[in-house]
Undergrad: 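Got a structure here, written out as structure tokens. Questions coming.
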Amino acid sequence: TDHGAAVVAAVARVADRIADERAYLTDLDSAIGDADHGANLDRGFRAAVEQVDALDDPTPEEAVQTVGTALISEVGGAAGPLYGGGLMRAAGQLSDGITAESTVAFAEAYLDSVRDRGDARVGQKTMVDALVPAVHTYKKSIEEDDLDPLAALAKAVDACRRGVAFTVPIRAEKGRASYLGWRSVGHPDPGATSTLFLAEELLAAAA
Ligand code: ADP
Ligand code: MG
Ligand code: MG
């Protein structure tokens, strides 16, 4: 199978989902931020699709690298460098193709990049609250429970969904939402929610 083409197809899927959820993500960000998360990501993923479509027979690493640079240059805000920088850091893990091991390394590199850049811990109401359980569940499912990557990804998506729910009753301590203090309580975090949509579409693309 052509893993580069699979990445390009997955990016198109993610972009369609983000376009569909643009208004919802904007609603979430209007409750606790500046109402631009849906528009930011939609602009970024549209550019990403255009740029990966223009590549000639890309490797998975090249395709992911291209998405990362597109997101960094087009999304802006807090989320652009976090999403784009994470993908750029993780892309190299796919240099030998897409396997159980390489996707675990990819997920861990992505999480490390987001944590290094954003300096957020679990419990501060950010995308890290969705990412940490997803990445840990994926790794454990493959390395300890011996699940195949698709089954592991399905478990990771469930963990990610619980991570989004976990952001609802807590107070934001990072990013714009932290300016609201206790008024940020009672709303899902926009970046955690968009992370879940990405994970759901990766699962659908892989299935
Ligand atoms: P901005 O806040 O600059 O308008 P976006 O609305 O696109 O950017 O993205 C907001 C999301 O970014 C938040 O919902 C949160 O998940 C994430 N975020 C903000 N700051 C951080 C951080 N320091 N670490 C991790 N994620 C963060
Ligand atoms: Mg915003
Ligand atoms: Mg903004």
Side-chain angles (χ1 to χ4, degrees), residues 11 14-49 67-90 106-138 156-157 159-202:
V11 174
V14 169
D16 281 347
R17 179 72 185 277
I18 294 296
D20 287 347
E21 306 282 4
R22 177 187 162 123
Y24 176 63
L25 292 171
T26 291
D27 282 352
L28 295 184
D29 197 33
S30 69
I32 63 170
D34 57 353
D36 62 358
H37 190 62
N40 288 348
L41 279 188
D42 186 32
R43 188 172 59 247
F45 276 102
R46 279 174 203 273
V49 166
V67 174
T69 52
L71 296 183
I72 286 197
S73 61
E74 296 294 329
V75 174
L82 292 168
Y83 269 109
L87 292 177
M88 288 179 71
R89 165 102 76 96
F106 178 91
E108 289 193 297
Y110 181 84
L111 173 60
D112 284 346
S113 170
V114 169
R115 282 201 286 212
D116 287 351
R117 243 168 235 268
D119 195 35
R121 289 174 284 102
V122 166
Q124 296 187 312
K125 198 176 182 104
T126 70
M127 58 176 71
V128 169
D129 294 336
L131 266 177
V132 164
V135 172
H136 288 184
T137 299
Y138 188 67
V157 168
C160 192
R161 193 172 296 116
R162 289 192 293 273
V164 172
F166 168 70
T167 68
V168 175
I170 63 177
R171 179 171 63 91
E173 295 176 53
K174 290 281 177 186
R176 279 177 185 281
S178 66
Y179 307 157
L180 290 181
W182 292 105
R183 282 178 294 141
S184 66
V185 168
H187 305 276
D189 177 64
T193 306
S194 60
T195 295
L196 171 63
F197 294 155
L198 248 84
E200 287 179 344
E201 295 310 315
L202 287 184

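Whatever order the structure lists them in is the order used to number ligands and atoms, beginning at 1.
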Undergrad: Using the side-chain contact (heavy atoms from CB on, under 4.5 Å) definition, which of the options Thr193, Ile32, Asp189 pairs with Thr167?
TA: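 Output: one option passes, namely Asp189.
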
Undergrad: Look up atom OG in Ser194 and atom CZ in Arg17, then write down how far apart they are to the nearest 0.5 Å.
TA: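 It is 11.0 Å, given to the nearest 0.5 Å.
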
Undergrad: Is there side-chain contact between Phe45 and Leu71, with at least one heavy-atom pair below 4.5 Å?
TA: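 The answer is yes; the side chains approach within 4.5 Å.
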
Undergrad: Between Thr195 and Tyr83, is any pair of side-chain heavy atoms under 4.5 Å apart?
TA: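 Yes, at least one pair of side-chain atoms sits under 4.5 Å.
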
Undergrad: What protein N/O/S atoms are there under 2.8 Å from the Mg ion (ligand 2), waters excluded?
TA: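 Checking every protein N, O and S atom gives Asp29 OD2, Asp34 OD1, Asp36 OD1.
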
Undergrad: Quick one: do Asp119 and Lys174 satisfy salt bridge (Lys or Arg N to Asp or Glu O under 4.0 Å)? Show the steps, please.
TA: CA-CA 9 Å; Asp119 195 35; Lys174 290 281 177 186; 3.7 Å; yes

Undergrad: Which donor-acceptor pairs under 3.5 Å do the side chains of residues 127-134 make with protein atoms, sequence neighbours left out?
TA:
from, atom 1, to, atom 2, distance (Å)
Asp129, OD1, Gly123, N, 2.7
Asp129, OD2, Lys125, N, 2.9
Asp129, OD2, Thr126, N, 3.3

Undergrad: Before accepting this row, confirm whether a basic side-chain N of the pair Glu74/Arg46 lies closer than 4.0 Å to the acidic partner's carboxylate O.
TA: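 Not counted as a salt bridge, because no side-chain N and carboxylate O are separated by less than 4.0 Å.
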
Undergrad: What side-chain donor-acceptor pairs closer than 3.5 Å can you find for residues 107-115, not counting sequence neighbours?
TA:
from, atom 1, to, atom 2, distance (Å)
Glu108, OE2, Lys139, NZ, 3.4
Ser113, OG, Gly85, O, 3.4
Ser113, OG, Gly86, N, 3.4

Undergrad: What orientation do Phe197 and Tyr24 show, parallel under 30°, tilted 30 to 60°, or perpendicular over 60°?
TA: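 Correct class here is tilted.
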
Undergrad: Contact residues of ligand 1 with a heavy-atom cut-off of under 4.0 Å?
TA: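 Residues near ligand 1: Asp29, Asp34, Asp36, His37, Asn40, Gly77, Ala78, Ala79, Leu82, Gly118, Ala120, Thr126, Met127, Lys174, Gly175, Arg176, Asp189, Pro190, Gly191, Ala192.
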
